[in-house]
Number of protein chains: 4
Amino acid sequence: MTDWSFIIGFMPKRVDHAARRQEILQAAVRVFARKGFASSRIEDVAAEAGIAKGSVYLSFDSRDALLQAAFESYAAGSAQLLASLEPGPALDRLATLVRRVVAMLAAHPDHARVLVDLWSAGPPLDMAAVYRDYREAIAGLLRQAREEGALRPGIDERHAVVIVAAIEGCLLQWLVDPELPLADLAAPIIEVCVEGVRS
Amino acid sequence: MTDWSFIIGFMPKRVDHAARRQEILQAAVRVFARKGFASSRIEDVAAEAGIAKGSVYLSFDSRDALLQAAFESYAAGSAQLLASLEPGPALDRLATLVRRVVAMLAAHPDHARVLVDLWSAGPPLDMAAVYRDYREAIAGLLRQAREEGALRPGIDERHAVVIVAAIEGCLLQWLVDPELPLADLAAPIIEVCVEGVRS
Amino acid sequence: MTDWSFIIGFMPKRVDHAARRQEILQAAVRVFARKGFASSRIEDVAAEAGIAKGSVYLSFDSRDALLQAAFESYAAGSAQLLASLEPGPALDRLATLVRRVVAMLAAHPDHARVLVDLWSAGPPLDMAAVYRDYREAIAGLLRQAREEGALRPGIDERHAVVIVAAIEGCLLQWLVDPELPLADLAAPIIEVCVEGVRS
Amino acid sequence: MTDWSFIIGFMPKRVDHAARRQEILQAAVRVFARKGFASSRIEDVAAEAGIAKGSVYLSFDSRDALLQAAFESYAAGSAQLLASLEPGPALDRLATLVRRVVAMLAAHPDHARVLVDLWSAGPPLDMAAVYRDYREAIAGLLRQAREEGALRPGIDERHAVVIVAAIEGCLLQWLVDPELPLADLAAPIIEVCVEGVRS
DNA sequence: AATGAATGAGCTTTCATTCAT
DNA sequence: CATGAATGAAAGCTCATTCAT
């Protein structure tokens, strides 16, 4: 990587402020996952990121802003996941959604572990909105399934809560007991929640 | 604040140390439910219990001991609930169990709200054991159901995780979004989780 | 000092919270006088008061509250001084006022030294009001002097500013140069400011 | 921000290092006047000067050096003012001096406002010397006035303190209460302090 | 037993100063 | 020379815990 700056003049010392912010956020997520937000010190995050304590404040306004950013990152991932469902029979799409959510959680255990702190954190974090979106997406799939005649009678939006619950409840049990094979739970979730509503 | 007890005669040191401990614990649970454990000060608990800060330490060794006690209280309630199932067809017993767990959570929202702090708290709190017990109880019911021929094939212990998940996941969504009608969710949980495994 | 508390029951550990507040305030004034408010740490004040850092916060909400209290103390002393003038010929009363103000400043050099920090401090400290009161008191004396025919023509409220200025300006020079014999300046102030307006 | 100077040829490193120092100093004085030295950040000064934080250090060794420079600038102005008195009757020269000092303060309110920080600042700032010079100059005028027979008896160097005090005390009251019409106070100061010593 | 004043470790945040670019 | 990201010492404030009364 030749440094051409002597030709084009002065360059900002850090090309990408956003990248540094990402690095710190990821370090923070690792630290939060390891010791929980309540026990995580700014200094821990800085050390994990390999920078000095004060430097964290160049990218984040406060300790709480780190958790907020972790939330936003998670919420964005969730929204993206919900938006990425390909067309097809509704219950197949539902099964795919379940598989993907579980896979995402299992693939990013650090982010998943932070969830317990996001649940604890009050406003301005809006986890309620995240689950509302989940439920609405699944309720939409259930409506589509009914139109397809794939749903047994009596299934409505309240069952969307239960399907979200099955996923998040598995996640919860894994958070509390990491022995539990989270990745293997997609199948039984689908068997219960998808087959459990099929006509 | 003057203590006239030396005039009116001997009084029992403490009518019931255990009762005082209970009062404080219940006050603590209310406070934790209201502001979360992280934001709850010993002084808040003392004020809620109507006693002085230092007096909390006559019944509890530390702030963490309060959370530990809240955990033990919750774990005891859970164990009792699991132990109280009357005989009958397995899936009926399962439905009853679901109904009772949801009813208990809905009836004691303060205790339920503390759960999010219990999930966050690491050792020596052993929430893993609580859910292990839940899963084992439900797995036992599923085994009984299989012997009764009430279970469709392919249902095993992994599905016990999902059934616990459905309950705890509903609780979770309610914690995060109190608008959600927790008490009304027993029915859909049963419809999905019990009917979803029935042969 | 026999401790009778065993007879009358429990007594508050500190009989007088206000007294402790006073002790801390006086310690703070000494520290502020010595190093200036900007360079005074809460820990310095605590050490001067012979207590622990955290104990300062039992009596004062913040570091700024200490300066605020110092201001209030000074303002109260000023008001009291202005209110204590005995009857008599106006210009005699004015001379007495000057003498008393200078004597008070000279007698409490620590409080006087804090004035420079009170001048610097913005709202909510209202030093403007203190000097407004000074000026009004002196303007009142000048009006009385005019009625007595003791005043040469052309003297009005603007000269009250100058009389206050002569006092505070001497104080200022002494603050900046402690060699200056503040206590000896009452006489020349009177000679210039009182005789300078006499008819 | 790219530096094209390597293309358009050599440019003087800095047209005038002293000029840049001046610009920064003036920016600093404005900032100090606005928020006080204690609340003024190096970054504020840099922003006011339109340069980067680090560039301040090319002209000044430290934050304190900025205040020191402001002091030196003020002291120089004072000395110049004292040195510029034209010949004439002593008390006329004194009145002129008062008028000029007040005019200078009123004409440069930012510099005047910094005075309160100069009073607070301890060594190595030597405000004592500034007022010593003022007093000596005025004491000289008073000596000249005595030789001219214009002084009533009993007036000596201590009255020089009072005359300086009248000026600085008016300044002080204006600093604390900007409503006060500083520029209008020259006349009453002269009436009290000059006429008050005239034979 | 009950109290609450006192303690001080520990944490977040700020900002003067440095220095690689 | 100019820059501004990086640093880390420093300070205000909180609060769990102790203990004299």
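Heavy atoms only: backbone and side chains are in, while hydrogens, waters and symmetry mates are out. In what follows, chains carry the letters A, B, and so on, assigned in the order in which the sequence lines appear, proteins first and then strands, with residues in each chain numbered from 1.
- Counting only heavy atoms from C-beta outward, the side chains of A:Arg20 and A:Ile51 approach each other to under 4.5 Å.
- In terms of heavy atoms, D:Leu66 sits closest to D:Ile42 at CD1-CD1, 3.9 Å.
- Side-chain N/O atoms of C:Arg20 include one lying less than 4.0 angstrom from OP1 or OP2 on E:dA6.
- Contact check, B:His17 against E:dA1: a side-chain N or O comes under 4.0 Å of OP1 or OP2.
- Rounding to the nearest 0.5 angstrom, the gap separating the CG atom in D:Leu175 from the CE atom in C:Met127 is 11.5 Å.
- Within residues 46-66 of chain C, the residues approaching DNA chain E are C:Ile51, C:Ala52, C:Lys53, C:Gly54, C:Ser55, C:Leu58, by heavy-atom distance under 4.0 Å.
- A donor-acceptor pair is defined here as one N or O able to donate and one able to accept, closer than 3.5 Å; no such pair exists between the side chain of A:Ser73 and the backbone of A:Ala69.
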Problem set entry | Criterion side-chain contact (heavy atoms from CB on, under 4.5 Å) on D:Val114 and D:Phe71, from CA distance to verdict | CA-CA 9 Å; D:Val114 176; D:Phe71 162 74; over 6 Å; no
Exercise. Which is it for A:Val130 and B:Val176 under the side-chain contact (heavy atoms from CB on, under 4.5 Å) test, yes or no, and what are the steps along the way?
Worked result: CA-CA 10 Å; A:Val130 171; B:Val176 152; over 6 Å; no
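- Along DNA chain F, the nucleotide closest to B:Ile42 and the one closest to C:Arg41 are compared, and the more 5′ of them pairs with C:Arg41.
- Identified under the side-chain hydrogen bond (donor to acceptor under 3.5 Å, both in side chains) test for residues 52-68 of chain B, with sequence neighbours left out: B:Gln68-B:Glu72.
- DNA chain E lies under 4.0 Å from no heavy atom of any residue of residues 33-40 of chain C.
- Looking at residues two or more places apart in sequence or on another chain, you find no side chain to side chain contact (heavy atoms under 4.5 Å, CB included) involving A:Ala38.
- Legend: ring-ring contact (aromatic ring centres under 6.0 Å, His included) pairs involving residues 27-54 of chain B, not counting sequence neighbours, sorted by first then second residue: B:Phe32-B:Phe37.
- The strand DNA chain E forms stems, runs of 3 or more Watson-Crick or G-U wobble pairs with distances below 3.5 Å, at E:2-21 with F:2-21.
- The residue from C:Lys35, C:Arg41, C:Arg34 that alone fulfils the salt bridge (Lys or Arg N to Asp or Glu O under 4.0 Å) condition with C:Glu48 is C:Arg34.
- With rounding to whole Å, C:Glu43 atom CD is found 15 Å from E:dG10 atom P.
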